[in-house]
Amino acid sequence: MSASAENSTSIVIDLDHSDSNTKLEVNQLVQHQSYSTLAKRIKTDLDSAKKLRQLQHASRIENEYPYGSGLVYFIDGTRGAGKSTFLQSAFDALGNEKTEPSVSRLAYIDPSRIEHSEIILLSILKALKDRIKCAKNGSSLDQENLLKHFREQFKKLAGGLSLFTQNHDQLQDLDPELFFEWGLERAGHSAELRKNLHALLDLACQVLGTDALLLAFDDADTHAHHARSVLECIRKYLDTPRLVVLVTGDIELYSLMVRDHFYESLGDAKHGQAKERADQRHKMVDHLEDQYLLKLFPMHRRLQLRPLWNLLQYDENRFRLAHSQWDKQLTPNELVGTLIRRGLRIKNPRDLDLYREFLLKQPLRSVLQVLSRSAPQCDPESPDTWSQNLSEALSESLRALALGSLYKFGVDVDAIAAHELPALTKAVFDLAIRDGDFDTAVYLRPQPSDADLKNSFAALSADVTRLCAEKPAALIDYMLAAPGSVALFGRVLRRKGKELQTA
């Protein structure tokens, strides 16, 4: 999702490179406003944490962080909202900003690319060790002492980390006295792991001369096993203000995984349960799920990446779209309006607004791919007349956008793509009947409350234009076979209903 900043107030989105997921300069981000909000919140939280450390040091209080002291920021967004691009760009920019308090990059982790058996915490410690190796530039005595303390503290983690091994049981086959000694030591490893890890991070920050280390987890929710491991790792061990943790994902998906986790923890209901008890069980799981996510991702540290529709409500003129075949730049509303008028042959202002809203409310990746696919066939200087090539490009894009929904309803997508009008009329008839509005559903406006129907209607409306525009015979066939059949079906149902009421 490439973009370039034209000036301090304008962002130009290059549709020739709209499918790129690489990091960008933050002033090039479509979600630049969200980045500014994130940076301000991190600075405020780090300022507070730094002041607290200074007070503890002045009062000679042991610097041990209470549970829940972590700085975890959740970047929420649906699939295709631009979370990965945003996270990579924010991770790079926050680590390069020369501000106080300072932040230094530690690791960017995509848990979905980590092997199932690998321990998340070990990946973090490996990154920390490598980061310290790269920082061995100072030759002062203080620096050497800090590095020595760091290595000693690193070794202290070994006992606690051994507990992560599956089927780990050092107490097996030991006599009672040794069993007691080993048991006490093992309990100490478990209790001290968090404390030792926090002390290690404090030392690392001193070695690197920074106030906090930056850690990013990208789309952990794509792998359920790793998602749980990441959440538990953050909750148990990474809750220190020496770490700024950025997590992306869909909060709805995290909610489902956490809910399933608590149901598994409760186990199956024994001996059957009365309805009141079953309702109580569901209520308690709801409560556990809410509180778990609120503790892990506090409300004031959540950001939501909004669709382009919402961003345009604040400042429509801030965004510009560019393409190598155009001589001028367009606003998103101008381009989408042109595509709808020329590609779908829609002129009614109300319908234009309806289709524009539908398209701009799609995930950012989907919007940019539709615009990128259609842009080469759209000349901003040409008159507002129907274009066969543009209609083909737009229908192909909208069909791809709604592919999952069309398959869900059993629509013969391949036949429609191959210009088979009977397959299109059957799909329109079936979906109009499913929608239940026999008078207006055949207009295929993207307004049903069901999201899959809404996507399907938009895709089929583009195919109707593509197959029937400037073809009177095809248009008559379509009108009789699709809208005509739906109207007839509705009349029969109403007549039957009236007969049943009077019988």
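All residue numbers refer to positions in the sequence shown, counting from 1.
Asp250 and Arg79 are not joined by a salt bridge, as no carboxylate oxygen comes within less than 4.0 angstrom of a charged side-chain nitrogen.
Checked against Pro448 for a side chain to side chain contact (heavy atoms under 4.5 Å, CB included), the options Asn455, Leu453, Leu431 give a single hit: Leu453.
Heavy atoms of other residues, nucleotides or ligands lying less than 6.0 angstrom from CD of Glu252 number 12 at most. No more than 12 heavy atoms of other residues, nucleotides or ligands lie within 6.0 Å of OH in Tyr443, so this atom counts as exposed by the packing criterion.
Atoms NE2 and OG1, from His300 and Thr44 in turn, are 10.5 Å apart once rounded to the nearest 0.5 Å. Atom-to-atom distance recorded for Lys83:NZ and Gln31:CD is 11.0 Å, nearest 0.5 angstrom. Residue Leu71 holds its CG atom at 10.5 Å from CG of Leu246, rounded to the nearest 0.5 Å. Here Asp260 contributes atom CG and Arg228 contributes atom CZ; the two are 6.5 Å apart, rounded to the nearest 0.5 Å. In this structure, Leu293 CG and Met299 CE are separated by 10.5 Å, a value rounded to the nearest 0.5 Å. In this structure, the separation between CG on Asp452 and OG on Ser405 is 3.5 Å, given to the nearest 0.5 Å.
Counting only distance, with no hydrogens or angles, the side chain of Arg495 and the backbone of Gly490 share no donor-acceptor pair below 3.5 Å. In this structure a side-chain-to-backbone donor-acceptor pair under 3.5 Å is present from Thr425 to Pro422. Remark: side-chain polar atoms of Thr338 are paired, donor with acceptor, to backbone N or O of Glu334 under 3.5 angstrom.
Listed here is the closest heavy atom pair of Ala462 and Leu398: CB-CD1, 3.9 Å. Between Ser366 and Leu401, the shortest heavy-atom contact is CB-CD1, 3.3 Å. Considering all non-hydrogen atoms of both residues, Phe319 and Ile13 come closest at CD2-CD1, 4.4 Å.
With a 4.5 Å cut-off on side-chain heavy atoms, Pro363 and Pro307 do not count as touching. For the pair Leu46/Pro241, no side-chain contact is recorded, criterion being any heavy-atom separation below 4.5 Å from C-beta on. Counting heavy atoms from C-beta outward, Leu296 and Tyr254 have side chains that stay 4.5 Å or more apart. Put simply, the side chain of Tyr35 does not reach to within 4.5 Å of the side chain of Leu303, judged on heavy atoms. Taking the side chain as every heavy atom from C-beta outward, Leu344 and Val464 never approach each other to under 4.5 Å. Residues Leu238 and Ile124 meet the side-chain proximity criterion, which asks for heavy atoms closer than 4.5 Å.
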What verdict does the salt bridge (charged side-chain N to carboxylate O under 4.0 Å, His left out) test give for Asp351 and Arg445, after you've listed the backbone C-alpha separation in whole Å, the side-chain angles of each residue and the deciding distance to 0.1 Å? CA-CA 8 Å; Asp351 289 339; Arg445 296 188 181 104; 2.8 Å; yes
Can you list the steps and then say if Asp353 with Arg356 is a salt bridge (charged side-chain N to carboxylate O under 4.0 Å, His left out)? CA-CA 5 Å; Asp353 291 340; Arg356 182 187 293 113; 2.7 Å; yes
Tell me, with the steps shown, if Asp379 and Gln325 meet side chain to side chain contact (heavy atoms under 4.5 Å, CB included). CA-CA 8 Å; Asp379 182 2; Gln325 297 184 20; over 6 Å; no
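Counting only N and O atoms by type, the side chains of Ser387 and Gln377 include no donor and acceptor under 3.5 Å apart. Judged by distance alone, the side chains of Ser89 and Asp92 never bring a donor and an acceptor atom under 3.5 Å apart. For the residue pair Ser34/Arg306, the side-chain donor-acceptor check at 3.5 Å is not satisfied. Donor-acceptor pairing under 3.5 Å is recorded for the side chains of Ser395 and Arg466. Remark: the Asp218 side chain and the Ser84 side chain contain an N/O donor-acceptor pair separated by less than 3.5 Å. Side-chain N/O atoms of His32 and Asn27 include no donor and acceptor closer than 3.5 Å.
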